[in-house]
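A, B, ... follow the sequence lines: proteins, then strands. Residue 1 opens every chain. Note that the coordinates shown come from a computational prediction; the quantities given were computed from them, not determined experimentally. The figures that follow rest on heavy atoms only: side chains count, while hydrogens, waters and symmetry mates do not.
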Amino acid sequence: MAGNEISGYNFSAIEKKWQSYWQENQTFAAPDGLDKPKFYVLDMFPYPSSEGLHVGHPEGYTASDIVSRYKRMKGFNVLHPMGYDAFGLPAEQYAVQTGTHPQVTTAKNINNIERQIKMFGFSYDWSRRLATTDIDYYCWTQWIFLKMFNSWYDPIADAARPISELIQKLENHEYMVSPTGEIIYDTTHPISVLAGEPVGTFKYQELTVQQQRQIIDDHRLAYIAEVPVNWCPKLGTVLANEEVNSEGYSERGNYPVFRRALKQWMLRITRYAERLLEDLEELDWPESIKIMQRNWIGKSTGAEVCFAIEGKDDEVIEVYTTRPDTLFGATYMVLSPEHPLVAELTTDLQRQAVLEYVRQAARKSELERTADTKEKTGVFIGTYAINPVNQERIPIWVADYVLMGYGTGAIMAVPAHDTRDLEFAEKFDLPIIQVVQPPEDVDWHGYVDEGIAVNSGPYDGLTTAEFKKKITDWLEEQNLGRGAVNYKLRDWLFSRQRYWGEPFPIVHCEKCGTVSLPEEDLPLELTETDDFTPDISDDPDSVPSPPLGKLTEWINTTCPSCGGSAQRELNTMPQWAGSCWYYLRYLDAKNNQAPFDKDKERYWMPVDLYIGGAEHAVLHLLYARFWHKVLYDLGWVSTKEPFVKLVNQGMILGEDNQKMSKSRGNVVNPDTVVEQYGADSFRLYEMFMGPLQTVKPWRMQDVEGVYRFLNKAWRMIIDAGGSVHANITDAQPEGEALRRLHKTIKKVTEDIETLAFNTAISQMMIFVNEYLRLEKRSKKAMETFVLLLSPFAPHIAEELWQRLGHPVSLAYETWPSYNPKLTIDPEVELAVQINGKTRAKITVPADSEEKTIEETALESENVRSHLAGKTVRKVIVVKNRLVNIVAN
RNA sequence: GCCGAAGUGGCGGAACUGGCAGACGCGCGGGAUUCAAAAUCCCGUCCUGGCAACAGGGUGAGGGUUCGAUUCCCUCCUUCGGCACCA
């Protein structure tokens with residue numbers, strides 16, 4: 001099987017030859033700002049793991065490479081770059097275990113993976129290569145972080161703005177400050193406090209320096225907050241929700257994760273929830289990915305409602321509900337265990353039980369808290385609330401099925417029409433009152449859909465939608481509530497207690513608080529150490545101690561603001577940071593004055609085609625969109641969205657139809673395949689397996705098929721002696737052969753446009769099978785075929801192109817065009833059906849008149865015998881397709 | 001539980017906008033070439049019956065719309081992916 005024959009298709013020699021040709025001639029370097037239309041084709045860059053590439057990587061890379069090569073031949077200036085997402089836990093875990101510096105491991109892994117990527121002959125512009133761990137890359141990651149730290153979200157402009165503008169507006173008294181520390185943007189109206197007295201406001205200057213700083217820090221897009229986080233003592237770090245699986249274990253390493261309140265860096269992505277949701281509309285992305293993002297953002301509309309507390313005039317409980325129309329059915333309330341009013345509202349009699357419950361809830365791991373989904377728990381706190389719509393006295397409970405992080409952390413429970421409340425009410429014997437009438441034959445117990453209001457006083461008979469509107473208006477009039485929107489999306493937990501990540505360009509100063517480094521001081525280099533080990537423990541109560549904390553010399557520095565002594569921030573950024581903007585750095589990878597040049601950004605952006613795995617459906621793609629929007633608001637990028645079109649390649653399974661994994665022993669190593677069959681066969685096979693977007697199993701046997709095809713293509717042009725085949729003549733192709741050529745150009749062109757590479761390859765196979773049988777082959781047809789093949793199997797195509805007499809690479813040859821007339825056969829075979837069953841075939845000239853077709857069909861012998869004794873009722877003729885005779 | 005995608009020969013898959021189901025490839029069977037093999041070439045290959053012409057069945061299951069359904073509609077089953085107490 002190996003191509004060792006001297007005169008035959010010797011893929012290893014050919015592939016080596018052309019890869020060095022491309023490199024020496026810089027064939028795929030993309031000049032900036034050419035006077036050509038641009039096309040930006042982006043791959044999701046890989047994490048350089050020690051295992052190297054698996055066969056899933058080159059699937060997407062081959063698809064994007066085909067498009068890149070095709071677009072170049074179509075006259076586009078194509079940007080097609082590659083790089084490495086190189087920060088991250090695995091290299092660091094390895095460092096902790098072996099003492100090898102992550103830098104060393106990472107460099108080694110990048111070398112290996114780059115060797116692999118290069119062996120496929122992808123047409124990357126390697127001069128733009130980057131790794132997120134490069135100092136001149138993360139310098140600008142830090143720079144973008146500073147932009148976020150020094151920005152706030154202006155609700156009036158509905159955009160991020162420099163924080164200096166906020167300070168200025170506060171100083172000028174355009175904005176005031178409420179006693180609770182909130183900013184009052186509209187100073188012409190006194191603030192209204194729900195069910196309370198309007199209260200006084202402060203001028204910024206009336207606040208202490210500490211208070212001023214607090215206000216400002218609370219509005220930065222990057223801020224520090226004490227939040228319940230996922231603490232993983234075994235990794236010695238906190239993890240984002242997304243890095244914890246549903247069983248409550250870390251995705252990396254599968255260690256238990258505990259909930260703890262810790263001070264962490266956060267990014268205010270929630271302010272962008274609405275824009276991230278809205279702007280999805282205009283994107284050419286798979287609908288399933290858009291839906292996943294929508295669900296992740298989780299917008300809901302409803303109302304916030306105030307419930308008075310019996311015996312307490314100075315407090316109310318605010319709840320959020322999407323069903324204000326069920327207010328009359330609220331029979332109890334629930335506060336989440338973390339709710340600030342729990343302590344205050346608990347009666348002495350219940351205090352011990354409640355405190356115990358709250359303490360337990362706080363200690364519960366994510367696992368325990370979600371595992372017992374069936375058994376609801378909770379404790380009555382001893383106090384009652386008053387239902388504002390009917391003055392009913394309803395008990396207040398504390399229960400961990402209500403989450404502090406969503407809505408107001410408190411709910412009104414409507415057991416009749418909410419599954420969770422129903423479960424809880426049944427367990428604790430709380431009253432269940434129907435307030436929605438479902439359609440006939442549907443039980444109202446636990447009916448959660450819309451219906452007609454009942455037991456709702458004056459509102460009886462209203463539909464859910466009408467009721468919602470009326471009651472929300474009423475609540476607003478009474479100052480008891482208002483319409484409200486909520487999102488499931490949470491702010492992004494942005495710090496890790498690890499060594500191998502971007503250091504925060506931040507110092508903590510006793511006098512000045514949290515202070516950012518000036519931009520000129522960037523990069524803040526990750527300092528050298530040989531002690532990467534965070535304090536790892538089995539104790540969920542252990543205190544995080546980042547490895548950077550051991551580097552006393554590095555930690556102690558001077559405050560850029562006051563010059564006094566200060567300490568550096570000890571956390572580092574999460575792996576996602578680097579991948580949030582790499583597509584922008586490619587535009588200008590060597591710039592050391594700015595992250596990228598604005599003119600280059602305007603020329604190249606947006607990304608026209610982004611190909612990668614669906615596993616990044618929400619996280620990477622949402623985070624990157626968020627950063628992009630921040631940069632857009634601050635005037636650094638010119639488009640609202642980074643990625644116009646997104647395609648997810650489907651996973652490649654092992655031969656056993658299972659996910660490839662080391663433990664199953666079904667992993668296919670691309671190196672072996674390339675060695676056996678060559679890169680061109682590898683590329684071709686990955687594209688021929690099936691549609692790019694679907695999941696499909698690897699079958700080593702099938703690689704043989706495309707390999708044979710390339711051999712046939714070779715033999716079609718090159719004879720046994722190694723010269724161009726004597727059958728190839730300068731004559732123009734004619735007849736059937738000419739039509740086959742034009743059909744092939746059409747099919748391959750259209751299929752590349754729609755990323756249907758598998759059927760494009762089928763068509764080329766048909767072409768080769770047919771032309772191999774011809775006595776004489778037109779050179780023009782051979783050249784055209786080689787050009788069509790070249791995006792798929794570029795090495796063999798270049799070699800054949802050269803042997804056909806062209807000294808220069810075909811990479812910038814004009815893509816073949818076809819004559820539509822030559823894609824149609826002069827005669828067509830039609831099926832003749834009787835009552836929908838095919839009974840005969842007839843051959844007629846293309847585009848024959850319906851009448852002629854009908855006549856020819858009825859003359860056919862088999863048709864006549866089937867029609868014997870029947871009456872023809874109707875004849876349907878579909879031109880160039882079939883005839884259907886209806887008879888009985 | 002909710003959301004999404006998909007079910008077609010022995011296998012991967014193809015089928016425009018409702019118009020001949022199974023293109024192309026793998027595998028398998030038969031033959032040619034060869035001392036022999038590899039490679040290559042030719043013929044066959046959805047299932048059942050038949051030497052054949054041909055007939056019947058057939059795109060997860062059941063129903064519907066239609067002259068005609070892999071394609072559109074309803075119900076159900078299975079597999080995969082995502083989310084999971086979000087009020």
Side-chain angles (χ1 to χ4, degrees), chain A residues 1 5 8 246 286-292 294-296 298-300 302 319-323 326 334 336 369-370 372-374 376 399-403 405-414 417-421 423-424 448 486-490 614-615 617-618 648 650-651 653 655 657 659 684-685 688-691 693-706 708-709 711-712 715 750 756 758-766 769 772-773 829-841 862 865 873-887:
Chain A
M1 79 189 52
E5 322 92 277
S246 58
E287 199 51 38
S288 59
I289 300 287
K290 289 197 198 178
I291 290 170
M292 276 192 234
R294 280 188 203 114
N295 291 343
W296 194 264
K299 181 180 182 174
S300 74
V319 301
Y320 172 71
T321 176
T322 55
R323 291 297 297 271
T326 60
V334 184
S336 99
R369 204 149 160 171
T370 53
D372 51 352
T373 43
K374 294 209 178 70
K376 291 268 183 290
D400 66 4
Y401 82 92
V402 173
L403 310 171
Y406 184 79
T408 61
I411 62 154
M412 62 171 205
V414 185
H417 306 295
D418 181 281
T419 318
R420 297 148 304 183
D421 296 344
E423 254 173 57
F424 192 85
V448 297
N486 255 292
Y487 302 91
K488 287 190 213 171
L489 185 69
R490 311 289 170 82
E615 67 272 22
V618 268
N648 294 120
M651 208 187 344
L653 306 174
E655 303 233 7
N657 284 311
K659 254 188 201 167
L684 222 39
Y685 173 62
F688 187 61
M689 293 172 86
Q693 297 87 343
T694 63
V695 179
K696 47 217 169 271
W698 185 276
R699 207 78 65 189
M700 201 56 97
Q701 232 173 15
D702 290 358
V703 183
E704 200 80 35
V706 292
R708 281 179 205 160
F709 160 67
N711 275 282
K712 284 188 197 176
R715 285 201 312 273
E750 289 174 355
N758 54 333
T759 47
I761 295 168
S762 295
Q763 181 65 33
M764 289 191 281
M765 287 174 166
I766 293 170
N769 287 343
L772 263 178
R773 280 190 214 108
E829 193 184 53
L830 305 185
V832 183
Q833 300 183 333
I834 294 169
N835 295 333
K837 285 192 178 171
T838 305
R839 297 297 182 187
K841 303 261 167 109
N862 211 25
S865 65
R873 300 291 175 194
K874 198 173 173 187
V875 179
I876 293 134
V877 178
V878 184
K879 263 197 183 178
N880 299 334
R881 296 271 179 212
L882 55 64
V883 183
N884 191 10
I885 301 164
V886 187

For [X], side chain to side chain donor-acceptor pair (under 3.5 Å) partners two or more places apart:
X	value
A:K712	A:N769
A:R708	none
A:T419	none
A:E287	A:R294

For A:Q833, side-chain contact (heavy atoms from CB on, under 4.5 Å) partners two or more places apart
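With neighbours one apart ignored, the set is A:T838, A:L882, A:N884.
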Who passes side-chain contact (heavy atoms from CB on, under 4.5 Å) against A:A410, sequence neighbours left out?
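In terms of side-chain contact (heavy atoms from CB on, under 4.5 Å), with neighbours along the sequence ignored, A:A410 is linked to A:I317, A:V319, A:L335, A:H339, A:T408.
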Among [options], which is the nearest nucleotide to the side chain of [X]?
X	options	answer
A:T322	B:A87, B:G81, B:C16	B:A87
A:W296	B:A55, B:C85, B:C83	B:C83
A:D418	B:A87, B:G19, B:U40	B:A87

Please tell me which of A:G298 and A:P697 maps to the more 5' nucleotide of RNA chain B, matching each residue to the nucleotide holding its nearest heavy atom.
A:P697
Mapping A:N657 and A:R773 onto RNA chain B by nearest heavy atom, which one lands closer to the 5' end?
A:N657
Residues in ring-ring contact (aromatic ring centres under 6.0 Å, His included) with A:F424, at least two apart?
A:Y332, A:W397, A:Y401, A:F428
How would you list, by chain and number, every residue that makes a ring-ring contact (aromatic ring centres under 6.0 Å, His included) with A:F688, sequence neighbours excluded?
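Expected list: none.
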Determine, for nucleotides 45-50 of chain B in 5'-to-3' order, which nucleotides have protein heavy atoms under 4.0 Å from the base (write B), from only the sugar-phosphate (write S), or from neither (write -).
------
Classify A:Q693 by what it touches in the nucleic acid, base, sugar-phosphate, or nothing, heavy-atom distance under 4.0 Å.
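Here A:Q693 touches no strand at all.
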If you look at every strand shown and take non-hydrogen atoms under 4.0 Å, does A:K696 touch a base, only sugar-phosphate, or nothing?
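A:K696: backbone/sugar contact only, no base atoms under 4.0 Å.
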Between atom OH in A:Y406 and atom P in B:C83, what is the gap in whole Å?
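Value for this atom pair: 18 Å.
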Each nucleotide N or O in nucleotides 66-69 of chain B that has a protein N or O under 3.5 Å away: list the pair and distance.
from  : atom 1 : to     : atom 2 : distance (Å)
B:C67 : O2'    : A:N884 : ND2    : 3.3
B:C67 : O2     : A:N884 : ND2    : 2.6

Tabulate atom names and distances for all N/O pairs under 3.5 angstrom spanning the protein and nucleotides 1-11 of chain B.
from  : atom 1 : to     : atom 2 : distance (Å)
B:C11 : O2'    : A:R699 : NH2    : 3.2

Between B:C24 and B:G13, how far apart are the two C1' atoms, rounded to whole Å?
8 Å
Quick one: stems involving RNA chain B, counted as three or more successive Watson-Crick or G-U pairs, both distances short of 3.5 Å.
B:1-7 with B:77-83, B:10-12 with B:24-26, B:27-32 with B:40-45, B:46-49 with B:54-57, B:60-64 with B:72-76
